[in-house]
Amino acid sequence: MEEDSAIIRPVRHSDLDAVLELTRRGGTGLTNLPPDRDALERRIVSAERAILDEKSRSDGAAIMLVAELGGRIAATGMIFASVGAEWPFYSYRITRQAAVSRVLERSKGQRLLNLVNDFDGETEVGGLFVDPALRGMALGQLMARSRYLFMAAHRSWFGERVIAELRGYQDESGRSPVWEALGRHFYDMEFDEADRTGAIHGNQFIADLGPRYPIYISMLPTSAQQALGRPHVDGRPAHAMLLAEGFRDEGYVDIFDGGPTLVASIDAVRTVAGAQVARFAGHRDQGAQALVAAGSASEFRLVRGRVHAAEGEAQVDTRCARMLGLSGGEMLRIVPLENIL
């Protein structure tokens, strides 16, 4: 199978079993995709509603896209139009505090962790997961960028900024140094249990039991200090891709595992800014490699294909046109790969 034969589309209820099987291969840390059938079914039903109903989106329901490849679900990606609606979006923010002693003629800077819920109304991209058996096919890049093109195609659904929360670093034994140094002491549970609780029941327990005051990072074990803002080894490619898309590190980290939360202006995201709109004008099997999206809402589709575009019209290769169901005159949203690679 090749990446070019994958099609990105919104999830359907009939995908439940396939998505559940996919999430079970993800291990811990996939907060937005709990490997629990009932919880996942609620997510999918909510996602189907979100793509059709503005109130559902503003209330915090996520849009879920899937990559279908060879008749199987190979990857997932999610877009939360507005975070902080269903429950507050908690983070630690790393700040710096300087102190000066005139008596000792000495100054000393300290980094602090502050529990915050600064993100309220921002869009979030998350839930990106690729079948481990299919990694190395660039499906992660395809899925990630499909979310940005979906946002570009439905720009009025989303706000000014988008955030991305990455899974945090774990050591060779699979333990999170940040959780062991902090979370375990406040929540009195294992990391997996806290992760599952947040995914299924929401984040109120974070406010109930979490730290009330800033935490001095220098008082944490060295392993935890070094893990703050460090992505999981599996998330390094996603981290690099986010930075390449224009996301920034503004000092926000996950309260459980210390993974980085990156921020960007939606209109400045490279895939959004590089998108062109053109009318489908027939087949042509030669042209530049591009991402090609057609349709809207539940009919949104995206594939990778060859495109020749000029003066507001675009010809696409036969396979691409067939996969998108193009017949003539449809409006396409196109991102030449040379604009984003």
Side-chain angles (χ1 to χ4, degrees), residues 28-29 31 83-84 87-122 124 126 160-195 197-198 203-236 238-240 242-243 246-265:
T28 62
T31 307
V83 301
W87 48 68
F89 188 102
Y90 289 102
S91 307
Y92 284 131
R93 188 169 194 188
I94 300 173
T95 60
R96 184 175 176 82
Q97 183 182 80
V100 178
S101 170
R102 297 189 182 279
V103 173
L104 297 178
E105 296 184 346
R106 182 180 301 170
S107 63
K108 176 67 175 177
Q110 293 281 356
R111 292 192 305 154
L112 305 176
L113 285 177
N114 301 271
L115 185 65
V116 299
N117 56 348
D118 289 355
F119 300 121
D120 184 14
E122 279 82 0
E124 181 190 7
E160 296 301 316
R161 298 200 303 168
V162 57
I163 63 174
E165 189 177 35
L166 289 163
R167 189 177 177 186
Y169 171 78
Q170 295 178 355
D171 64 21
E172 295 81 1
S173 65
R175 296 170 71 85
S176 164
V178 173
W179 176 259
E180 296 302 321
L182 285 173
R184 178 180 296 281
H185 300 290
F186 286 99
Y187 304 108
D188 194 25
M189 61 178 74
E190 297 297 325
F191 176 83
D192 291 354
E193 182 183 356
D195 198 50
T197 299
N203 293 338
Q204 182 58 43
F205 77 101
I206 296 173
D208 294 340
L209 301 177
R212 297 287 191 272
Y213 306 102
I215 296 168
Y216 286 84
I217 293 176
S218 60
M219 299 179 71
L220 299 178
T222 301
S223 60
Q225 294 183 45
Q226 294 175 343
L228 286 169
R230 183 178 174 184
H232 190 281
V233 62
D234 292 342
R236 289 175 185 169
H239 184 257
L242 286 164
L243 294 177
F247 282 74
R248 305 177 305 278
D249 186 340
E250 296 187 353
Y252 293 96
V253 300
D254 181 76
I255 60 169
F256 289 163
D257 60 19
T261 297
L262 305 182
V263 187
S265 166

Of all heavy-atom pairs between A194 and F256, which one has the smallest distance, and what is that distance?
O-CE1, 3.7 Å
Which atom pairs, donor and acceptor, lie under 3.5 Å between side-chain atoms of residues 219-228 and protein residues at least two apart or in another chain?
residue	atom	partner	partner atom	Å
Q225	NE2	I217	O	3.4
Q225	NE2	L220	O	2.8

V253 side chain near L113 side chain, heavy-atom distance below 4.5 Å
yes
May I have all residue pairs that pass side chain to side chain donor-acceptor pair (under 3.5 Å) and include part of residues 101-110, sequence neighbours excluded?
Q110-S218
Going by side-chain hydrogen bond (donor to acceptor under 3.5 Å, both in side chains), name the residues that satisfy it together with N114, two or more places apart in sequence or in a different chain.
T95
Partners of F119 by side-chain contact (heavy atoms from CB on, under 4.5 Å), sequence neighbours excluded?
V83, F89, S91, E122, R161, I163, Y252, T261, V263
Provide the full list of ring pair (Phe, Tyr, Trp, His ring centres under 6.0 Å) pairs with a residue in residues 212-234, sequence neighbours left out, each pair given once.
none
Shortest non-hydrogen contact from R236 toward P231
CG-CG, 4.4 Å
Not counting sequence neighbours, which residues clear side-chain hydrogen bond (donor to acceptor under 3.5 Å, both in side chains) with D208? List them please.
Q204
Does G168 offer a backbone N or O that forms a donor-acceptor pair with the side chain of D257 under 3.5 Å?
yes
Mind checking the CZ-CZ spacing from F186 to R212? Nearest 0.5 Å is all I need.
9.5 Å
Minimum-distance pair of heavy atoms, taken over all atoms of P88 and N117:
CB-ND2, 3.8 Å
Do R167 and H239 come within less than 4.5 Å of each other through their side chains, counting heavy atoms only?
no
Distance (rounded to the nearest 0.5 Å) between I206 CD1 and Y187 OH:
5.5 Å
For Y90, which residues count as a ring pair (Phe, Tyr, Trp, His ring centres under 6.0 Å) partner, sequence neighbours excluded?
none
Got a sec, which residues hit side-chain contact (heavy atoms from CB on, under 4.5 Å) with D249, two or more places apart in sequence or on another chain?
L262
Which residues pass the salt bridge (charged side-chain N to carboxylate O under 4.0 Å, His left out) test with R248, not counting sequence neighbours?
E250
The salt bridge (charged side-chain N to carboxylate O under 4.0 Å, His left out) partners of E180 (sequence neighbours excluded) come to R175, R184
Which heavy-atom pair separates G84 from D120 by the least distance, and what is that distance?
O-OD1, 3.9 Å
Taking only residues two or more places apart in sequence or in another chain, which ones pass ring pair (Phe, Tyr, Trp, His ring centres under 6.0 Å) with Y92?
none
Rounded distance (nearest 0.5 Å) linking atom OH of Y169 with atom CG of D234:
12.5 Å
For A238, enumerate each residue passing the side-chain contact (heavy atoms from CB on, under 4.5 Å) test, keeping only those at least two apart in sequence or located in another chain.
L166
